[in-house]
Amino acid sequence: MDLILEGIKKAFYLLFTFDPEVIGITFLSLKVSGIATLISLFIGISAGVTVALSRFIGKRIVVSLINTGMGLPPVVVGLFVTIFLWRNGPLGFLEILYTPTAMIIAQAIIATPIVTGITLAAIQQLPQKLQLQILALGATRLQMVWILIKEARLPLLAGVMAGFGGVISEVGASIMVGGNIKGYSRVLTTATVMETSRGNFDIAIALGIILLLLAYFINLILTQIQQRERPR
Amino acid sequence: MRNSNILKDEALYSMVDAKMVMSESKPILEARNLEVRKGDTRLLAVPCLLIREGEILCLVGPNGAGKTTLLQTLSYLLKPFQGEIFFRGKKVGANHSVLEYRRKLAMVFQEPLLFDTTVFENVASGLKIRGMKRGEIHDRVIEQLERFGINHLHDRSAKTLSGGEAQRTSLARAFALQPEILLLDEPFASLDPPTRNSLIEDLEHIFQQIQTTAIFATHDRLEALRLSDRIAVMNGGEILQIGSSEEVMNHPVNELVASFLGMETILTGKVIKRNGRAFITSIGGQEIESVGEVHLGEAVTLCIRPENVTLSVHPSKEVTSATNVFPGKIVKIVPLGLYQKVQLNCGFPLVAYVTHHSLENLSLREGREAAASFKATAIHVIRRKER
């Protein structure tokens with residue numbers, strides 16, 4: 001019990017003293033996961049809408065692949081990103097392994113299927129005839145897609161939350177492709193793992209609490225937007 | 001081959017829309033040889049359809065008759081397997097882009113299909129799509145909200161509307177576009193009767209106010225009679241008959257049209273006697289007298305409207321103009337709102353409508369004997385060879 005209390009005390013101490021290392025780690029976490037989520041939104045929403053609105057042979061296989069991808073194990077993503085970015089790997093010339101960029105790539109790969117899957121489901125749950133109605137109102141195809149995305153905004157926000165929540169709390173891939181380099185690629189999760197393995201439970205708890213608070217506040221903001229949009 | 005097609009088309013023009021061709025008014029919309037397929041099944045086959053400017057055409061027919069398919073094809077939401085659509089003489093997809101064409105139309109579906117926003121924004125949506133200026137949108141939307149009596153719902157979320165309010169919003173959204181042709185696909189089908197009635201009344205009023213061209217699909221023949229200038233009866237993806245309400249109601253071309261238009265009794269038999277224009281048909285061992293140009297021995301179908309059949313329990317001696325009087329047994333009585341539907345067996349099945357009052361006065365019950373009478377002139381005769 002003391003351990004936890006000590007941890008909480010330390011956490012607030014670190015937070016309120018604006019411990020530069022902790023602040024740095026927190027900002028890097030936000031930056032890496034934020035950019036990764038933005039990339040996944042761009043790819044995921046486009047892919048989800050495209051698959052949802054098109055008819056082609058093998059669509060079911062594609063949809064089940066996307067759904068499987070929603071549960072992609074981060075370590076597997078970490079493994080493959082590492083192999084690709086390895087010095088002798090196909091993308092080794094980029095020389096970005098063990099950099100925040102590599103972490104962004106890995107996290108975007110983890111979040112994209114989540115956003116794609118949720119977008120797909122969100123667009124598909126809209127009434128089929130809505131597309132016809134939008135076209136009948138004189139919309140171009142692009143206008144129709146935009147209106148459909150607006151119609152599906154509530155489940156899409158859930159997609160944003162799920163995507164961001166998935167990557168900010170992810171540790172396997174970040175540690176593999178980022179390397180947990182102090183002051184460079186160390187994020188909240190990787191730092192927590194390291195401090196725990198060193199037996200520095202107080203710092204680990206502090207980092208854990210920051211991570212929880214961060215996830216909570218981001219989701220609170222998104223939930224606020226979602227609830228405000230609810231019908232009166 | 002081409003020539004014979006043209007001849008066929010001409011024949012159809014003269015048959016289907018002779019009146020219009022003669023009146024020389026240019027059609028606003030013209031469809032030729034429309035055919036829609038899904039796999040190997042043909043969903044729609046309309047050789048020719050002309051819509052005059054300012055007219056209201058009702059497409060009637062049972063569910064699955066092809067009304068929705070026709071409307072969606074006419075609005076190019078469904079690409080036809082073959083055929084052409086001309087808007088004011090210009091071919092859609094060739095001289096007229098599909099988008100440009102669609103922006104001249106507005107369509108209202110059976111479901112309101114509103115967007116998850118306020119009533120105002122919903123009504124404004126089509127105008128926004130067209131990139132109209134805010135101020136202009138505002139005026140047009142307010143005009144429609146007032147027209148449909150939903151101005152007080154202005155800021156309400158569309159998700160909280162009742163069925164009637166939602167469909168009013170949907171109609172306002174379509175009217176706000178000031179379309180040159182309005183397409184309505186059973187917009188009242190999912191509403192409860194009182195809501196539906198008040199909405200039909202309003203729409204009737206609006207149609208009188210603004211000279212709009214509309215194509216209106218419904219499976220309710222009374223709705224069709226109330227709103228339309230012309231009626232097209234559809235079944236199996238084809239237009240069976242098209243013409244003015246009176247024409248179609250009084251001269252159905254075949255049994256299908258007749259039964260759909262409320263001819264509850266449809267009997268088929270052979271002409272056994274002829275006397276001038278009057279003739280006798282033998283049906284179920286009974287002889288029914290009717291009037292028409294037929295040959296002896298010819299097979300005919302007789303259609304009788306239930307409101308033209310009179311029932312009595314004490315066959316009177318007095319002479320009436322009803323030449324056909326048949327004793328029978330009441331098989332079933334079904335209440336139908338304002339009146340009761342009485343099914344009789346007179347050797348052939350016969351349906352009559354009576355009021356609740358008459359039902360009580362004559363103490364009509366299932367299983368009781370009653371005499372049914374109807375005039376020879378009240379029978380619509382269809383010659384079976386004609387088809």
Side-chain angles (χ1 to χ4, degrees), chain A residues 41 45 48-50 52-60 115 118-161 222-232, chain B residues 68-69 71-79 97-119 121-132 153 155-161 169-170 173-174 176-187:
Chain A
L41 284 180
I45 291 180
V49 170
T50 309
L53 295 186
S54 47
R55 252 185 273 164
F56 54 89
I57 300 163
K59 180 169 173 174
R60 281 191 186 186
V115 176
I118 293 178
T119 305
L120 180 68
I123 297 290
Q124 278 184 333
Q125 56 92 39
L126 295 172
Q128 275 267 304
K129 275 195 169 173
L130 196 63
Q131 283 177 45
L132 291 182
Q133 174 69 80
I134 296 168
L135 289 176
L137 282 168
T140 60
R141 205 166 158 79
L142 213 63
Q143 282 176 321
M144 179 188 81
V145 168
W146 177 239
I147 294 173
L148 286 176
I149 290 175
K150 278 206 295 189
E151 281 302 290
R153 61 188 179 272
L154 299 189
L156 283 182
L157 269 175
V160 178
M161 289 189 235
L222 291 173
T223 313
Q224 282 293 329
I225 300 169
Q226 202 181 39
Q227 296 297 316
R228 198 184 53 205
E229 289 286 346
R230 277 267 167 81
R232 274 170 275 175
Chain B
T68 300
T69 310
L71 285 180
Q72 292 187 359
T73 310
L74 287 179
S75 55
Y76 244 83
L77 292 173
L78 209 66
K79 211 171 175 311
S97 87
V98 172
L99 183 69
E100 205 183 317
Y101 168 63
R102 261 200 218 123
R103 289 189 172 181
K104 306 239 186 258
L105 316 175
M107 187 151 178
V108 179
F109 294 78
Q110 185 173 335
E111 306 85 19
L113 295 169
L114 297 178
F115 301 126
D116 185 8
T117 175
T118 62
V119 168
E121 289 299 327
N122 263 289
V123 178
S125 56
L127 302 171
K128 273 190 172 172
I129 285 171
R130 284 160 176 73
M132 196 181 262
L153 302 172
D155 287 327
R156 273 269 290 279
S157 158
K159 290 271 144 111
T160 63
L161 300 177
T169 309
S170 183
R173 174 171 65 183
L177 300 173
Q178 299 179 349
E180 295 195 44
I181 305 175
L182 189 63
L183 305 164
L184 303 150
D185 189 6
E186 305 213 28

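Protein chains get the first letters and strands the later ones, always in sequence-line order, with residue 1 at the start of each.
Only the backbone of Leu114(B) comes within contact range of chain A, with heavy atoms under 4.5 Å apart. No part of Leu126(A) comes within reach of chain B, as not one of its non-hydrogen atoms sits under 4.5 angstrom from that chain. Looking at Leu77(B), both its backbone and its side chain come within 4.5 Å of chain A, counting heavy atoms on both sides.
To the nearest 0.5 Å, atoms CG (Asn122(B)) and CG (Leu137(A)) are separated by 9.5 Å. For the atom pair OG1 of Thr117(B) and CZ of Arg153(A), the computed distance is 7.0 Å after rounding to the nearest 0.5 Å. Remark: Arg141(A) CZ to Leu99(B) CG distance equals 13.0 Å, nearest 0.5 Å.
Using modelled atom types, one side-chain atom of Gln143(A) and one backbone atom of Ile129(B) make a donor-acceptor pair closer than 3.5 Å. Side-chain atoms of Glu151(A) come within 3.5 Å of backbone N or O of Asp116(B) as a donor-acceptor pair.
Arg130(B) CZ: more than 12 foreign heavy atoms inside a 6.0 Å radius.
Taking all atoms of both residues into account, the shortest heavy-atom contact from Arg103(B) to Ala139(A) is NH2-CA, 4.5 Å. Contact detail for Arg102(B) and Leu135(A): the closest heavy-atom pair is CD-O, 3.3 Å.
Considering only heavy-atom pairs separated by less than 4.5 Å from chain A, the leading option among Glu111(B), Lys104(B), Arg173(B), Met107(B) is Arg173(B).
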message: With side chain to side chain contact (heavy atoms under 4.5 Å, CB included) as the criterion, how do Phe115(B) and Leu130(A) come out once you've worked through the C-alpha distance, each side chain's angles and the decisive distance to 0.1 Å?
response: CA-CA 9 Å; Phe115(B) 301 126; Leu130(A) 196 63; 4.0 Å; yes
